[in-house]
*Asks:* 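Quick one: structure below, then a few questions.
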Amino acid sequence: MKVLITGGAGFIGSNLVERLLEDQRVRGVRVLDNLSTGSTENLSSFFEDERFEWMEGDIRDYETCVKACEGMDAISHQAALGSVPRSIADPLTTNAVNITGTLNVFTAAKESGVRRVVYAASSSTYGDHPALPKKEENIGRPLSPYAVTKYVNELYAGVYASLYGLELIGLRYFNIFGPRQNPKGPYAAVIPLFIKALLHNEAPVINGDGAHSRDFTFVANAVEANVRALFTDKKEAVNQVYNIACGEQTSLLELFNLLSANAGTVLTPEFGPSRTGDVVHSLADISKAGALLGYQPLVTVQEGLKRTLDWYRVNEKFLA
Ligand SMILES: NC(=O)c1ccc[n+]([C@@H]2O[C@H](COP(=O)([O-])OP(=O)(O)OC[C@H]3O[C@@H](n4cnc5c(N)ncnc54)[C@H](O)[C@@H]3O)[C@@H](O)[C@H]2O)c1
């Protein structure tokens, strides 16, 4: 199989590249990325591999997407502008990349004869639905432009599957963390921000009172879900959307305490205001991915946090 990974220079995408290049079933991996939030540094160890191909380009350009699809059997579509606050600050760009860009990728795939597209969906699609744990079929109203874009991707996937016969699988990620997640800039995620602060012996700021909770998921689990979705030959597993998480709830305060214990620090966090557009609690029911994709989290939250911290310790330049 030859696989195109859009957004492959980013956090999840580059971890997926690494995993696919270790897989004997994979004959080639091409990355399409415009380096807006990703970096070629994330791919530096793959350039020597003759099965790896780098393509700099923007998914907002349809012709670029067609070129990237040439000769590919499947796509893992990770390219997007993440972050709820970014989408609130700049909904137009988030819309252009996440909706128009995704539509370009889906359309180029169908026109180029690519059989399957696995795409990054998001737990933000649950919006204001109060039920916990989150089950795929019960979604509420979106709380941010970002959530709208991720839901629209799912709607287009459904339409492209039924109208054009493209195989589409959506993976609703729940707060993925791990090596290579960018700790810099105003839209960095909470775990790399906490790690950066702790390793610099500074007290991190917790948005809200610390009781907000998430289903934090180590990146290897999300990568494994992608591999399973790319390779499954179960008919009933295709044209579905799946929660990809650990199925464990951790509050921000618990997260801080776990990281502090691992880092060996005794800092007291500061508390700031809650962020608008964020859901308060999030926890996934992962039984559907288990039943249809055979997905099980390989790495627990505790083990994932330890591995992540160890990685940033060794790769401290990433935090500078
Ligand atoms: N990290 C999470 O917790 C999480 C949770 C839910 C969903 N997701 C989704 O997973 C995917 C990957 O997220 P990530 O955390 O690795 O983010 P990331 O920012 O590290 O990776 C995204 C990559 O897409 C690239 N990109 C952005 N706009 C592009 C464009 N117009 N053309 C080509 N490339 C472009 C970026 O340069 C970057 O390399 C995204 O679709 C994101 O919405 C992530």
Side-chain angles (χ1 to χ4, degrees), residues 4-18 30-43 54-65 67-68 75-84 86-87 90 92-105 108 117-126 134 144-154 170-185 187-193 214-219 221-223 225-226 241-246 278-279 282 284 304 308 318:
L4 167 67
I5 306 180
T6 70
F11 158 52
I12 298 172
S14 63
N15 279 282
L16 179 60
V17 173
E18 186 170 10
R30 180 182 291 156
V31 164
L32 171 66
D33 201 298
N34 72 346
L35 301 177
S36 56
T37 60
S39 156
T40 49
E41 237 177 83
N42 290 336
L43 301 168
W54 162 243
M55 190 185 269
E56 186 169 343
D58 196 313
I59 57 166
R60 284 170 288 185
D61 181 57
Y62 176 67
E63 291 310 322
T64 298
C65 294
K67 220 167 147 225
I75 299 174
S76 175
H77 172 47
Q78 304 297 321
L81 283 179
S83 161
V84 163
R86 187 205 316 266
S87 77
D90 183 3
L92 291 180
T93 311
T94 296
N95 187 85
V97 173
N98 296 9
I99 296 185
T100 306
T102 295
L103 195 57
N104 284 338
V105 171
V117 184
V118 176
Y119 63 96
S122 166
S123 60
S124 63
T125 293
Y126 288 103
K134 305 292 182 196
S144 66
Y146 173 71
V148 171
T149 67
K150 287 292 174 178
Y151 182 45
V152 170
N153 289 175
E154 292 187 13
L171 304 176
R172 279 187 197 155
Y173 302 146
F174 281 67
N175 291 79
I176 312 299
F177 70 94
R180 295 200 280 267
Q181 189 166 24
N182 195 345
K184 295 174 205 156
Y187 303 125
V190 60
I191 290 181
L193 276 179
R214 293 289 180 270
D215 196 334
F216 293 107
T217 304
F218 188 61
V219 66
N221 301 326
V223 163
N226 271 276
V241 176
Y242 298 98
N243 287 342
I244 299 303
C246 259
D278 270 348
V279 296
S282 188
T308 306
F318 214 84

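Order of listing sets the numbers, starting from 1, for every ligand and every atom in it. Only heavy atoms go into these numbers, but all of them, side chains included; no hydrogens, no water, no symmetry mates. Nothing fancy with the numbering, it's 1 onward along the sequence.
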*Asks:* I need the contact residues for ligand 1: any residue with a non-hydrogen atom closer than 4.0 Å to the ligand, ordered by chain then number.
*Replies:* G7, A9, G10, F11, I12, D33, N34, L35, S36, T37, G38, G57, D58, I59, R60, Q78, A79, A80, V97, A120, A121, S122, Y146, K150, Y173, N175, I176

*Asks:* Pairing donors with acceptors under 3.5 angstrom, does anything connect the side chains of T100 and R60?
*Replies:*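 The criterion, which ignores hydrogens and geometry beyond distance, is not satisfied for R60 and T100.
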
*Asks:* Give a yes or no on whether K67 atom NZ has more than 12 heavy-atom contacts from other residues, nucleotides or ligands under 6.0 Å away.
*Replies:* no

*Asks:* Looking only at side chains, do Y173 and N226 share a donor and an acceptor under 3.5 Å apart?
*Replies:*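 Their side chains do contain a donor-acceptor pair, which is all the 3.5 Å distance test asks for.
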
*Asks:* Does R214 count as lying over the ring of F177, i.e. NZ or CZ under 6.0 Å from the six-ring centre, within 45 degrees of the axis?
*Replies:*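 Geometry flag: not set, cation outside 6.0 Å or 45°.
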
*Asks:* Cut-off 3.5 Å, side chains only: do Q78 and D33 have a donor facing an acceptor?
*Replies:*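 No - no donor-acceptor pair under 3.5 Å links their side chains.
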
*Asks:* Suppose we screen for side-chain contact (heavy atoms from CB on, under 4.5 Å). Which residues come up paired with V148, at least two apart in sequence or across chains?
*Replies:*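 For V148, the residues satisfying side-chain contact (heavy atoms from CB on, under 4.5 Å) (neighbours in sequence not counted) are P142, V152.
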
